[in-house]
Asks: 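Sending over a structure as structure tokens; questions will come in a sec.
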Amino acid sequence: MPEPPQRRAGRPAVPVQNCGRAAAHAGVRPVGLDRFNTAPTAAAEAALLSCCGSPRWAQRLAAHRPYPDLDALLAAADEAGYDLAPADLAEALAAEVSPGLHHAAPHSAHLALSAAHAAYESRFGHVFVICLDAFHPAEHPDQVLAGIRARLGHEPDEERVVTADEMRRLARGRIIELVTGAGPADHPTRSERPPPGPRPKGRP
């Protein structure tokens with residue numbers, strides 16, 4: 001089973017949240033749901049770790065195969081994401097790379113984003129994560145900076161909830177790319193759904 005693809009070629013190189021473990025796998029074809037369902041457990045877990053860096057999350061999804069369709073896999077991914085313990089979320093965040101700018105962006109923009117990331121990481125102890133699926137690529141730089149500045153005002157417990165939700169959304173988009181090669185906006189059931197609502201009680 002091949003490793004999962006990185007973001008699709010041809011998309012604008014603006015801030016994108018990439019999974020650090022997936023960075024070396026650009027250009028590899030999507031695996032397809034059938035191949036994902038029948039792949040050896042270790043290969044399926046490795047592919048899932050490029051979508052979310054929590055081993056427990058990956059193990060749970062791999063163990064519950066086969067999935068009848070993509071929506072069933074996405075629902076299982078959401079459920080597993082809600083059940084992540086703080087230590088699992090910390091592992092997932094450790095695999096993330098902060099969203100950056102295209103190399104041609106103005107130097108002042110790079111400096112501003114770097115300073116914002118540093119302030120965020122100093123306050124919360126982990127990289128900033130954000131899902132930008134709902135925004136046009138041209139809006140991504142402003143959304144990243146605005147998101148960091150707004151979330152710097154959160155208390156740690158509040159930011160942990162927001163971060164966990166962003167990680168679930170990122171994982172969904174990466175699974176769609178892993179299985180189909182389509183971006184999140186190209187998956188009808190994903191794009192037609194409203195943003196995630198309040199988290200269920202008792203979940204991180």
Side-chain angles (χ1 to χ4, degrees), residues 1-84 88-89 91-97 99-100 127 129-137 140 163-196:
M1 177 175 174
E3 295 289 350
Q6 184 68 354
R7 310 280 76 80
R8 287 193 300 172
R11 293 197 169 195
V14 292
V16 174
Q17 197 83 44
N18 290 319
C19 185
R21 294 177 182 177
H25 306 312
V28 181
R29 293 184 178 182
V31 299
L33 184 61
D34 288 342
R35 292 184 67 191
F36 172 76
N37 278 334
T38 59
T41 298
E45 290 179 1
L48 288 165
L49 279 171
S50 72
C51 301
C52 174
S54 162
R56 190 166 81 93
W57 180 89
Q59 290 162 8
R60 176 170 166 174
L61 287 184
H64 283 83
R65 294 175 298 157
Y67 295 94
D69 52 41
L70 177 56
D71 285 336
L73 174 56
L74 293 175
D78 283 346
E79 185 66 22
Y82 278 119
D83 289 341
L84 289 182
D88 299 318
L89 180 59
E91 285 185 305
L93 288 168
E96 293 294 320
V97 177
V127 300
V129 293
I130 187 170
C131 181
L132 298 168
D133 295 345
F135 299 96
H136 188 277
H140 290 183
T163 296
D165 186 59
E166 294 295 327
M167 284 297 303
R168 284 189 290 271
R169 295 173 65 198
L170 285 166
R172 285 177 61 90
R174 291 165 180 169
I175 287 173
I176 292 168
E177 291 191 51
L178 169 69
V179 173
T180 70
D186 301 322
H187 180 58
T189 54
R190 177 178 171 82
S191 61
E192 291 168 5
R193 288 174 180 166

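Here, residue 1 is the first one in the sequence, and each next residue gets the next number.
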Asks: If every non-hydrogen atom of Ala171 is compared with every non-hydrogen atom of Cys52, which pair is closest and at what distance?
Replies: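 Distance-wise, the nearest heavy atoms are CB-CB, 4.2 Å.
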
Asks: Identify, with sequence neighbours excluded, every residue that meets side chain to side chain donor-acceptor pair (under 3.5 Å) alongside Glu166.
Replies: Arg169

Asks: Of all the heavy-atom pairs spanning Gly53 and Pro55, show the shortest one and how long it is.
Replies: O-CD, 3.3 Å

Asks: May I have all residue pairs that pass salt bridge (charged side-chain N to carboxylate O under 4.0 Å, His left out) and include part of residues 48-58, sequence neighbours excluded?
Replies: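 Pairs touching residues 48-58 that pass the test: Arg56-Asp88.
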
Asks: Could you state the interatomic distance from CZ (Arg172) to SG (Cys51), rounded to the nearest 0.5 Å?
Replies: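 It comes to 12.0 Å.
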
Asks: Rounded to the nearest 0.5 Å, what separates atom OG in Ser50 from atom CZ in Arg174?
Replies: 8.0 Å

Asks: Over all heavy atoms of both residues, which pair between Cys131 and Asp133 is shortest? Give the atoms and the distance, please.
Replies: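 Between these two residues, the closest heavy atoms are SG-OD2, 3.2 Å.
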
Asks: So do Ile176 and Leu70 actually touch side chain to side chain, heavy atoms under 4.5 Å?
Replies: yes

Asks: Nearest 0.5 angstrom please: Ile175 CD1 to Thr180 OG1, how far?
Replies: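 That separation rounds to 11.0 Å.
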
Asks: State the OH-CZ distance between Tyr82 and Arg168, to the nearest 0.5 angstrom.
Replies: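 One finds 4.5 Å between OH of Tyr82 and CZ of Arg168.
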
Asks: Check Leu61 against Ala80 and note the closest heavy-atom contact, atom names and distance.
Replies: CD2-CB, 4.4 Å

Asks: Any chance you could measure Leu74, atom CG, to Asp78, atom CG, to the nearest 0.5 Å?
Replies: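 Rounded to the nearest 0.5 Å, the CG-CG separation comes to 7.0 Å.
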
Asks: In Å and rounded to the nearest 0.5 Å, what is the CG to CG distance from Leu48 to Leu73?
Replies: 7.0 Å

Asks: What are the two closest non-hydrogen atoms of His140 and Leu132, and how far apart are they?
Replies: NE2-O, 3.4 Å

Asks: Applying side-chain contact (heavy atoms from CB on, under 4.5 Å), name anything that partners Asn37, two or more places apart in sequence or on another chain.
Replies: Leu33, Arg65, Pro66, Tyr67

Asks: If you compare all heavy atoms of Ala77 against all heavy atoms of Trp57, which two are closest, and at what distance to 0.1 Å?
Replies: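 The pair with the smallest heavy-atom distance is O-NE1, 3.2 Å.
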
